[in-house]
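Following: one structure in structure tokens, then a few remarks.
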Amino acid sequence: MKKLINSPNTFVRESLEGMARAHPDLVRVHFDPTFVYRADAPVLGKVALISGGGSGHEPMHGGFVGHGMLDAACPGEVFTSPTPDQMHEAAKAVHGGAGVLFLVKNYAGDVMNFEMATELAHAEGLQIASVLVDDDVAVKDSLYTQGRRGVGATVLVEKICGAAAQKGYDLARLTTLARRAALNGRSMGMALTSCTVPAKGSPTFELGEGEMEVGIGIHGEPGRQRMPLAPADSIADMLSQAILDDPAYTRTIREWDPSTAAWKEISLVSEPLRRGDRVVAFVNSMGGTPLAELYVLYRRLDEACAGSGIHIERTLIGPYITSLEMQGASLTLLRVDDEMLGLWDAPVKTPGLRWGI
Amino acid sequence: MKKLINSPNTFVRESLEGMARAHPDLVRVHFDPTFVYRADAPVLGKVALISGGGSGHEPMHGGFVGHGMLDAACPGEVFTSPTPDQMHEAAKAVHGGAGVLFLVKNYAGDVMNFEMATELAHAEGLQIASVLVDDDVAVKDSLYTQGRRGVGATVLVEKICGAAAQKGYDLARLTTLARRAALNGRSMGMALTSCTVPAKGSPTFELGEGEMEVGIGIHGEPGRQRMPLAPADSIADMLSQAILDDPAYTRTIREWDPSTAAWKEISLVSEPLRRGDRVVAFVNSMGGTPLAELYVLYRRLDEACAGSGIHIERTLIGPYITSLEMQGASLTLLRVDDEMLGLWDAPVKTPGLRWGI
Amino acid sequence: MTDRDTLGRKEIAAWLELAADALQAARDALTELDAAIGDADHGFNMDRGFQKVRSLLPTLSQQDIGSMLKSVGMALIGSVGGAAGPLYGTGFLRAAAVTSGQQELSPEAVGSMLKAMLAGIVERGRATPGAKTMVDAMTPAVEAYDRAQTTGAGLCPALQAAVDAAEEGVRATIPMQATKGRASYLGERSIGHQDPGATSCALLLKALHSAVCRGRNA
Amino acid sequence: MTDRDTLGRKEIAAWLELAADALQAARDALTELDAAIGDADHGFNMDRGFQKVRSLLPTLSQQDIGSMLKSVGMALIGSVGGAAGPLYGTGFLRAAAVTSGQQELSPEAVGSMLKAMLAGIVERGRATPGAKTMVDAMTPAVEAYDRAQTTGAGLCPALQAAVDAAEEGVRATIPMQATKGRASYLGERSIGHQDPGATSCALLLKALHSAVCRGRNA
Ligand SMILES: Nc1ncnc2c1ncn2[C@@H]1O[C@H](COP(=O)(O)OP(=O)(O)O)[C@@H](O)[C@H]1O
Ligand SMILES: Nc1ncnc2c1ncn2[C@@H]1O[C@H](COP(=O)(O)OP(=O)(O)O)[C@@H](O)[C@H]1O
Ligand SMILES: [Mg+2]
Ligand SMILES: [Mg+2]
Ligand SMILES: [Mg+2]
Ligand SMILES: [Mg+2]
């Protein structure tokens with residue numbers, strides 16, 4: 001294992017310490033329990049937006065804390081969901097009196113830990129809501145799986161909802177927006193190499209020189225399928241067709257209802273992309289794939305969208321939701337309307353995403 | 001070789017096409033000869049700032065084209081300096097009547113090709129100046145080498161000078177600033193892995209599992225020294241000490257003098273960093289090293305600077321001047337004064353660097 | 001059955017100590033299992049959690065069994081993370097609820113404790129048997145314990161039956177296609193691999209058996 | 001020396017064709033040499049440049065030697081890039097300057113052409129012999145040609161002497177520590193490797209010899 005770390009045990013903590021020192025104007029880091037929060041938190045009267053998940057996906061989520069995006073992020077160990085006390089303490093630290101929205105990626109661990117945190121925060125008297133992101137079209141059904149993983153769309157949903165929270169949306173309106181944004185995102189990823197979890201010290205899986213994994217998530221887990229390595233255009237075609245051809249997707253999920261202070265099962269449908277839709281297109285590096293290759297993929301994605309009558313309104317290209325040093329990429333299309341587009345364009349000032357300010 | 005490309009022959013072109021499509025509001029790409037230029041070029045009355053170099057360092061330089069940074073960038077083949085016609089045509093396309101400044105990294109190839117371009121552009125009637133960036137302290141002497149390589153400081157110099165050009169500095173003042181900024185930069189880099197030049201298809205050098213290369217440049221060339229792999233803190237200490245302890249560095253370089261329209265040899269001294277100095281600190285990924293590891297390095301660099309009485313005023317952390325998918329990192333400290341700091345903070349809007357706008 | 005056929009506070013402490021030993025020893029093996037169909041962290045997660053539990057043991061010595069198990073549940077919830085943390089954590093919290101105030105558990109009470117633990121895991125994770133999870137080790141174990149109990153077996157034979165059934169349950173996860181947890185993303189590719197959570201579950205039960213029955217004749 | 005002991009336009013064209021062949025064949029080998037002490041592109045650079053030159057050949061057939069060499073210089077400058085592009089490009093431009101308007105070159109004129117080429121390379125790159133560059137192949141070649149010339153040797157023997165000296169010069173770069181070009185960054189680690197630019201330079205001279213002397217008795 002070759003990494004610029006001191007030890008697997010101290011990696012997450014030292015990395016967070018470095019981030020805090022590098023961006024003292026933007027973020028602070030609290031330890032025991034661990035969470036990253038806005039340097040100017042709490043922002044009074046604003047809904048606090050909080051996310052979190054395992055580490056190893058940087059800049060997500062800690063790098064998205066700041067003006068116009070997250071109020072706090074809770075990093076777990078590498079690829080391990082954070083624990084409920086982290087979210088609970090973060091919520092207490094950053095809430096500004098207007099409630100808290102948890103944005104949760106759909107993984108068994110994240111979901112359960114956030115559920116417990118939600119109950120804790122509610123018991124503490126906090127007004128709390130939670131929305132799930134589950135955009136990975138590589139996972140086909142929701143009945144015979146844990147449901148679709150939350151991947152690339154998470155970044156876009158955090159940006160859009162962060163802008164809305166900054167603009168003063170109340171908790172109910174923000175929750176509705178977050179659910180709508182999440183339902184409009186679709187992603188698919190692939191890997192050229194495995195990553196190496198520091199504590200394990202060896203690659204999670206082995207791939208031959210002529211092979212790739214298609215339909216991967218963001219935790220170094222193997223994908224749906226191992227295939228012969230293909231040219232970038234074929235890969236872009238395969239991923240973008242999976243997204244563009246993905247039919248309506250229905251699932252039942254549990255969401256915390258702040259009005260009744262209870263979990264309710266709701267059935268949600270994500271509508272397929274259709275000719276004439278407007279999207280934000282996101283080409284993401286899994287960590288070890290350089291920017292120049294992402295642009296090769298984007299070139300083809302742009303053609304594919306044009307061919308399907310999908311209008312790319314904005315782009316995001318780079319390593320934003322990563323799997324350590326894995327080589328590979330994911331594509332995300334998020335259907336937007338004027339409201340979401342305006343929120344996308346709104347100023348954001350975080351270590352990982354910044355414009356307009 | 002595992003890369004998201006279609007073929008080594010089309011890689012640079014397709015990547016540039018992708019960049020142009022991804023950022024139509026910011027940049028355009030011209031082919032035959034190849035250069036990236038501001039979508040709103042020429043900006044009348046503004047000095048045009050142009051840089052260039054081999055491809056494989058993305059986002060540098062094409063990703064730094066836009067408001068507040070470069071007017072044009074000339075990408076060569078992977079790791080191969082561009083040809084003089086590229087710089088010449090770029091200069092003709094983007095100059096706004098106030099002259100052109102070439103920012104050149106100190107490599108034999110870059111220097112010679114830019115020299116020829118300078119002569120061509122001058123012959124064309126353009127007012128032209130050029131400034132060399134040579135900040136790599138891994139190269140010790142200038143007499144028995146090609147002189148220090150231009151590495152990390154290039155990004156910072158482009159940002160600072162781009163802001164100054166945007167602010168309306170005239171060619172003479174911009175040239176003086178560029179030289180001063182370049183003289184205040186010091187960098188050093190290391191690699192955990194080699195990169196693979198697409199056309200070659202195999203790694204440029206082989207490194208054992210327990211080895212690293214120290215004192216590398218940005219072209220996948222081997223470094224000054226091969227050493228046993230060390231913890232991140234030791235690596236950060238080694239790189240930062242090399243920068244902090246680097247003595248005054250004197251070299252004779254050729255600069256084009258627009259007033260006499262001739263090359264003149266000038267002797268320049270870069271003064272060492274001293275207690276009390278204020279710097280921009282830049283921790284750069286060579287392409288394959290993820291952000292979380294850069295923060296581990298930054299944590300220690302921050303300590304080292306504090307220990308040496310160096311005040312870090314601003315930070316830049318990420319993959320900005322890369323060597324394809326190489327794993328490794330470089331550290332750069334650039335001494336700044338109020339003027340440079342103000343220019344650093346000024347708005348910038350490029351595909352690769354953006355804030356304030 | 002004799003008067004001594006009970007599970008006391010000392011045995012609970014020994015269980016947790018032995019579980020911490022076992023999970024430390026199995027750390028890399030569990031992680032390898034998780035690498036094949038998950039994200040290569042289950043061994044670290046469980047080890048981290050039970051080392052945390054181990055560090056609490058001195059503070060638990062004066063507590064009743066319910067309080068001990070509650071502390072364990074809270075420690076797991078606060079330190080394991082991932083899927084396993086809330087699942088085992090909730091399991092221990094439910095076990096604590098049915099042993100609240102107890103200094104000693106009869107074989108029946110041990111059965112209730114195990115049942116409560118399983119119920120907590122299922123309540124939290126909503127997995128049914130056959131989904132290729134820890135539930136596939138815990139469910140047959142609870143059933144086997146019950147069966148042994150109702151046929152009049154003592155604590156140790158019943159625990160031995162539970163361990164055997166859990167281990168059988170672990171093996172049974174190999175041909176299953178996962179429908180819960182991270183392995184479910186693999187679809188058919190999850191077939192042929194042993195579930196890491198089921199494996200750690202069997203280790204926990206084995207530690208319980210050892211804590212209670214070493215030195216006794218089963 | 002006979003009337004036929006000259007270098008004409010046809011031989012220049014043949015030279016460029018053979019050079020393109022040789023650099024194509026040596027592409028990977030030159031790149032490997034550059035990987036060891038540089039950035040692994042010299043073979044691609046030279047091949048790209050001379051394939052460009054090859055593509056121009058049809059358009060050059062009516063031109064005088066100076067014009068042909070000028071076109072070659074411009075083509076190399078516009079397509080090779082890196083260090084080699086401006087160096088060889090300038091070399092050919094200088095060679096063009098001293099052969100301007102010529103249809104045929106005497107052995108002395110060939111000597112001037114080679115000398116001009118070297119002068120161009122040195123003027124552009126400011127390398128002295130011993131810096132581990134193409135100058136270390138070109139300098140002894142020019143000197144050997146001159147020596148052969150002044151002792152009355154014909155064109156082919158003089159070119160053969162130039163090639164031999166260039167190849168000897170290439171070998172002599174192996175123990176050198178580079179002080180120019182990319183290899184100079186390696187310091188002492190550049191020792192023990194053959195310079196790629198010197199190697200391509202010897203190939204160019206060898207192609208010239210072949211173009212002029214195949215079918216002749218040297
Ligand atoms: N919904 C669930 N119900 C029961 N057990 C589950 C569920 N989801 C996952 N598991 C168990 O958790 C184990 C994985 O734990 P761990 O690796 O620590 O968490 P993660 O999957 O979050 O990385 C799986 O092997 C499985 O036995
Ligand atoms: N200043 C110089 N003078 C003469 N030759 C040089 C000089 N710098 C480099 N070279 C030659 O150029 C060769 C490298 O060419 P190439 O690999 O194409 O360019 P680059 O080094 O820019 O990648 C070296 O092997 C050396 O012979
Ligand atoms: Mg995990
Ligand atoms: Mg090169
Ligand atoms: Mg796991
Ligand atoms: Mg080279």
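Here is how names work: the chains are called A, B, and so on, in the same order as the sequence lines, proteins then strands, and each is numbered from 1. Quick note: numbers below take in every heavy atom, side chains included, and nothing from hydrogens, waters or symmetry partners.
Put simply, the side chain of C/I77 reaches to within 4.5 Å of the side chain of A/M116, judged on heavy atoms. With contacts defined as side-chain heavy-atom distances shorter than 4.5 Å, the pair A/P222/C/L186 qualifies. Between A/M112 and C/L87, the closest side-chain pair of non-hydrogen atoms falls below 4.5 Å.
Residues satisfying the salt bridge (charged side-chain N to carboxylate O under 4.0 Å, His left out) criterion with A/D110, sequence neighbours excluded, are A/K105. Contacts of A/E265 classified as side-chain contact (heavy atoms from CB on, under 4.5 Å), with partners at least two apart in sequence or in another chain: A/T252, A/R254, C/R126. Evaluation of the ring pair (Phe, Tyr, Trp, His ring centres under 6.0 Å) rule for C/Y88 yields no partner, not counting sequence neighbours.
For A/N106, the part lying under 4.5 angstrom from a heavy atom of chain C is the backbone only. Neither the backbone nor the side chain of A/Q86 comes within contact range of chain C; no heavy atoms are under 4.5 Å apart. With a 4.5 Å cut-off on non-hydrogen atoms, A/Y144 touches chain C through its backbone and its side chain both. Only the backbone of C/A36 comes within contact range of chain A, with heavy atoms under 4.5 Å apart. Proximity to chain A is limited to the backbone of C/A178, based on heavy atoms less than 4.5 angstrom apart. The parts of A/N113 that come within reach of chain C are both its backbone and its side chain, each placing non-hydrogen atoms under 4.5 angstrom from that chain. Contacts between C/Y185 and chain A at a heavy-atom distance below 4.5 Å involve backbone atoms as well as side-chain atoms.
Judged by distance alone, the side chain of C/R182 and the main-chain N or O of A/Y107 form no donor-acceptor pair under 3.5 Å.
Proximity to chain A among residues 48-55 of chain C is limited to C/R48, judged by heavy-atom separations below 4.5 angstrom.
Residues C/N45 and A/T80 approach most closely at OD1-OG1, 3.2 Å, considering heavy atoms. Nearest heavy atom pair, residue C/A83 against residue A/A108, reads CB-CB, 4.2 Å.
Summarising the geometry, atom CD belonging to A/E115 is positioned 9.5 Å from atom OG1 belonging to C/T90; distances are rounded to the nearest 0.5 Å. Residue A/I218 holds its CD1 atom at 10.5 Å from CG of C/D39, rounded to the nearest 0.5 Å. C/S79 OG to A/E77 CD: the interatomic distance, rounded to the nearest 0.5 Å, is 10.0 Å. Atoms CG and OG1, on C/D41 and A/T204 in that order, are 9.0 Å from each other to the nearest 0.5 Å.
Atom NZ of C/K70 sits in a sparse spot, with 12 or fewer heavy atoms from other residues, nucleotides or ligands closer than 6.0 Å. A/M1 CE: more than 12 foreign heavy atoms inside a 6.0 Å radius. Applying the 6.0 Å contact sphere to NZ of C/K206 captures no more than 12 heavy atoms from other residues, nucleotides or ligands.
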From CA spacing to verdict: salt bridge (charged side-chain N to carboxylate O under 4.0 Å, His left out), C/R189, A/E213 = CA-CA 12 Å; C/R189 289 178 84 188; A/E213 282 278 332; 2.8 Å; yes
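Heavy-atom pairs under 4.5 Å with chain C were tallied for A/G217, A/A199, A/S202; the largest tally goes to A/A199. For the set A/K200, A/E221, A/K140, the entry with the most heavy-atom pairs within less than 4.5 Å of chain C is A/K200. When each of C/G38, C/G125, C/G78, C/G187 is checked for heavy-atom pairs under 4.5 Å with chain A, C/G78 comes out on top. If you tally non-hydrogen atom pairs under 4.5 Å between each of A/T83, A/V111, A/D136 and chain C, the highest count goes to A/T83.
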